[in-house]
**Q** 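I'd like to ask you about the structure that follows.
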Amino acid sequence: VVSDLSWDLAAGYTVRLLSGLRSWENEQYESDTIYMPRDLIARTGAYESDSQSHELQFISPVDQLFGGRFDFVAGLYYFQEDFFIGETSDMGADFCTTLVPAAQRPTCNASPNKIGATVMEFNQDATNYAIYAQGNIGLTDTLDLVLGARWTNDEKEGSYVQLVNNPFSRSFRAPEDTDLETDDDQFTYRAGLNWRPNGDVLVFGSYATGYKSGGFNSGAGNVALGQRRLFDKEESENYEFGVKSTLANGLARLNATVFRMDLDDFQDRGFDGTSFIVINAGNLRQQGVEIDGDYVVSENVRVFGALGYLDSEFTEYPNASCLPYPAQVNPSCTQDLSGQSANFSPEWSGSVGAQLEGDLGVGNLGYLFRTDLNYMGEMGVSGLNDGNPQNLQASVTQLSARFSLLFGRDRNWSVSLFGENLTDEDFCSTRFYQPLDSNLQLRDPVSGGTVVRCQVAPPRTYGVSLKAEF
């Protein structure tokens, strides 16, 4: 349930209240959490969330204060959520004969509590409140200064309890009872300049700081994390300079942006063989250039394109995870990934496309045809940054197309035939290590790697859709 209430005050001021109440729950069953063709470990997961949010804004009139050179918005924000995760794991019929040494298999087969072998509960109560303001100051008729600031406070407390009811299930779950608490606050701000030398060109530049609160790891594993379940906040500095322009009497548009983002205590997602955890992974720099534009070739035809270059580098990451086999030999093993790029950070990316639209000349029928060619350069596609070349995905180019028939009095109805990945490219959207790979003796002492699973991206896909707008 959400609400949006506004009160108009004297002199053009407005008070606005945005509120929401949300509640959801989900239960799901996974018959095999190890991704193997045997009945090993099944899991039932339960998730619940109840939250509320309220934002009170005070908005000034536009083009009225100080001769029309100043306007602002200020506000208060509040958010609260009760969050729960529950997990019950069952040992399957093949667990003892696959994951347990031969000498212990008779004892394992006779052990009780294979159903409900482990039970986990994670609870979190999160409260966030903030105060913020942003103003636009017209320094001249063509130059605007944008200033903004925000103070945020995050308070979280929770608990993690893992019960192990079968001793053999300790190979994938460790008993634990940990109380968790963290309290973060941060002052962030931004400053920017917008210059309009004429009606067709906007030149802009900005500097901004950012903040992502710390939190708790809720993932289960075969090692009790205790207070290591806490991870710290992430902070950022952002620099941006660019141009937005309209050319050829409005027929063309060309935009270019140069950017840099410095992340301190970057929150990285890791995997230890049985669970995913979030760690603070040193400092990361992301910088590059983005260019995009489009051109109206004729009344019915438009072409467009975009190009991106990204220079990604861990400027400091001395305690990164080792490759799987060295980590198995020495669980406290680390490596220095300083100077390497982060996963999901391709050096080059881009797209080109065209759109054709017009009238069919029958009644009020119209048509729209669009095709896109998208390129993504080579990049690591694992949630864990450990420099493993097994996690590299080669560059991929995908073609898509859509033809829509438009109808209705205002052409607010459409029937579309679409195709995605028309060239049927085979690639991995994500790669991850085989769970319990050390138990399965899959880690390689020569390369240091292991068996890597591929989450396959959708193949060539066709479809038909019906859409209506009211």
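Given the structure is predicted, the values throughout are model-derived calculations rather than measurements.
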**Q** What pair of heavy atoms forms the shortest contact from L284 to T315, and how long is it?
**A** N-OG1, 4.3 Å
**Q** For Y309 together with W348, are the ring centres under 6.0 Å from each other?
**A** yes
**Q** I need the full list of salt bridge (Lys or Arg N to Asp or Glu O under 4.0 Å) pairs touching residues 449-459, with sequence neighbours left out, sorted by first then second residue.
**A** none
**Q** Hey, could you give me the CD/CD distance between E48 and E81, rounded to the nearest 0.5 Å?
**A** 11.5 Å
**Q** Kindly say whether R431 contributes a backbone atom to a donor-acceptor pair with the side chain of Q455 at under 3.5 angstrom?
**A** no
**Q** Test R228 against every option in V223, N217, I277 by the side chain to side chain contact (heavy atoms under 4.5 Å, CB included) rule and name the one that passes.
**A** V223
**Q** Please report the C-alpha distance between D50 and Q52 in whole Å, then the side-chain angles of each, then the deciding distance to 0.1 Å, and finally whether the side chain to side chain donor-acceptor pair (under 3.5 Å) criterion is met.
**A** CA-CA 7 Å; D50 294 291; Q52 58 176 312; over 6 Å; no
**Q** For R43 and T33, test the side chains for any donor-to-acceptor distance below 3.5 angstrom and give the result as yes or no.
**A** no
**Q** Taking atom types as modelled, find out whether N412 and E469 have a side-chain donor-acceptor pair closer than 3.5 angstrom.
**A** no
**Q** Would you confirm whether T461, through its side chain, and P459, through its main-chain N or O, come within 3.5 Å as a donor-acceptor pair?
**A** yes
**Q** Looking only at side-chain N and O atoms, does Q286 offer a donor or acceptor that is under 3.5 Å from a partner on S312?
**A** yes
**Q** Rounded to the nearest 0.5 Å, how far apart are CG of D268 and CZ of F231?
**A** 11.5 Å
**Q** Between L310 and F259, is there a side-chain heavy-atom distance shorter than 4.5 Å?
**A** yes
**Q** So Y317 and F266, do their side chains get closer than 4.5 Å, heavy atoms only?
**A** no
**Q** Counting only heavy atoms from other residues, nucleotides and ligands, does the tally under 6.0 Å from CD of E299 exceed 12?
**A** no
**Q** Please say whether the positively charged group of R229, taken as NZ for Lys or CZ for Arg, lies over the ring of F122, i.e. under 6.0 angstrom from the six-membered ring centre and within 45 degrees of the axis.
**A** no
**Q** Is the backbone of D144 close enough, under 3.5 Å, to the side chain of N194 for a donor and an acceptor to pair up by distance?
**A** no
**Q** Using side-chain heavy atoms (C-beta onward) and a distance below 4.5 Å, is N388 in contact with S382?
**A** no
**Q** Just do the side chain to side chain contact (heavy atoms under 4.5 Å, CB included) check on K233 and Q186 with the steps written out, would you?
**A** CA-CA 9 Å; K233 62 185 178 183; Q186 187 78 11; 2.8 Å; yes
**Q** Go through the steps to decide whether I34 and Q434 satisfy the test side chain to side chain contact (heavy atoms under 4.5 Å, CB included), and finish with yes or no.
**A** CA-CA 7 Å; I34 311 300; Q434 167 64 49; 3.3 Å; yes
**Q** How far apart are the closest heavy atoms of N439 and S171, and which atoms are they?
**A** ND2-CB, 3.7 Å
**Q** Using the rule side chain to side chain donor-acceptor pair (under 3.5 Å), only one of T140, N136, D141 pairs with R69; which is it?
**A** D141
**Q** Going by heavy atoms in the side chains, are L193 and F204 under 4.5 Å from each other?
**A** no
**Q** Between Q393 (side chain) and C428 (backbone), is there a donor-acceptor pair under 3.5 Å?
**A** yes
**Q** Using every non-hydrogen atom in the two residues, find where D4 and R16 come nearest and quote the distance to one decimal.
**A** OD2-NH2, 2.7 Å
**Q** Between the side chains of E176 and T178, does any donor sit under 3.5 Å from an acceptor?
**A** yes
**Q** Which heavy atom of S218 sits nearest to which heavy atom of Y160, and what is that distance?
**A** O-CE1, 3.6 Å
**Q** Could you go through Y295 and L251, starting from their C-alpha distance and side-chain angles, then the distance that decides it, and tell me whether this counts as side chain to side chain contact (heavy atoms under 4.5 Å, CB included)?
**A** CA-CA 6 Å; Y295 178 66; L251 296 179; 4.2 Å; yes
**Q** Would you give the length of the straight line joining atom OG of S345 to atom CD of E347, rounded to the nearest 0.5 angstrom?
**A** 11.0 Å
**Q** Which residues satisfy the side-chain hydrogen bond (donor to acceptor under 3.5 Å, both in side chains) test with S416, sequence neighbours excluded?
**A** S404
**Q** Examine distances only and state if a side-chain atom of T257 and a backbone atom of G242 form a donor-acceptor pair shorter than 3.5 Å.
**A** no
**Q** State, to 0.1 Å, how close R22 and S53 come at their nearest heavy-atom pair, and which atoms those are.
**A** NH1-OG, 3.3 Å
**Q** Report yes if the side chains of S400 and F418 come closer than 4.5 Å at any heavy-atom pair, otherwise no.
**A** no
**Q** Which value, rounded to the nearest 0.5 Å, describes the distance between L202 atom CG and T142 atom OG1?
**A** 11.0 Å
**Q** For R460, look at atom CZ and say whether over 12 heavy atoms of other residues, nucleotides or ligands are found less than 6.0 Å away.
**A** yes
**Q** Sort out for me which residue in N128, T127, D125 forms a side chain to side chain donor-acceptor pair (under 3.5 Å) with Q80.
**A** D125
**Q** CD/Q267 to CD/E234 distance, rounded to the nearest 0.5 angstrom?
**A** 5.0 Å
**Q** Say you draw a straight line from CD1 of I291 to CG of L254; how long is it, rounded to the nearest 0.5 Å?
**A** 7.5 Å
**Q** Check whether any side-chain heavy atom of Q287 lies under 4.5 Å from a side-chain heavy atom of Y239, and answer yes or no.
**A** no
**Q** Assert yes or no for the condition that the ring centre distance of F369 to Y367 is strictly below 6.0 Å.
**A** no
**Q** Does K156 have any side chain to side chain contact (heavy atoms under 4.5 Å, CB included) partners at least two apart in sequence or in another chain, and if so, which?
**A** Q124, A126, T182, S213, F216
**Q** Could you tell me whether the side chain of D265 and the main chain of E235 form a donor-acceptor pair under 3.5 Å?
**A** no
**Q** Is there any salt bridge (Lys or Arg N to Asp or Glu O under 4.0 Å) pair reaching into residues 236-261, and which pairs are they, with sequence neighbours excluded?
**A** R253-D292, R253-D294, R260-D262
**Q** Does any non-hydrogen side-chain atom of M36 lie less than 4.5 Å from one of T98?
**A** no
**Q** List in chain and number order the residues that pass side chain to side chain contact (heavy atoms under 4.5 Å, CB included) with V415, two or more places apart in sequence or in another chain; answer none if no residue qualifies.
**A** F407, V464, L466
**Q** Start with the C-alpha distance between N153 and D183, add both sets of side-chain angles, then the distance that settles side chain to side chain contact (heavy atoms under 4.5 Å, CB included), and finish with yes or no.
**A** CA-CA 8 Å; N153 181 268; D183 188 352; 3.4 Å; yes
**Q** Listing request: all salt bridge (Lys or Arg N to Asp or Glu O under 4.0 Å) pairs with a residue in residues 365-392, at least two apart in sequence or in separate chains.
**A** R370-D372
**Q** Donor-acceptor pair, T209 side chain versus Y189 backbone, under 3.5 Å?
**A** yes
**Q** For A191 versus L147, what's the shortest heavy-atom pair and its separation?
**A** CB-CD2, 3.8 Å
**Q** Does the side chain of Y47 come within less than 4.5 Å of N26's, by heavy atoms?
**A** yes
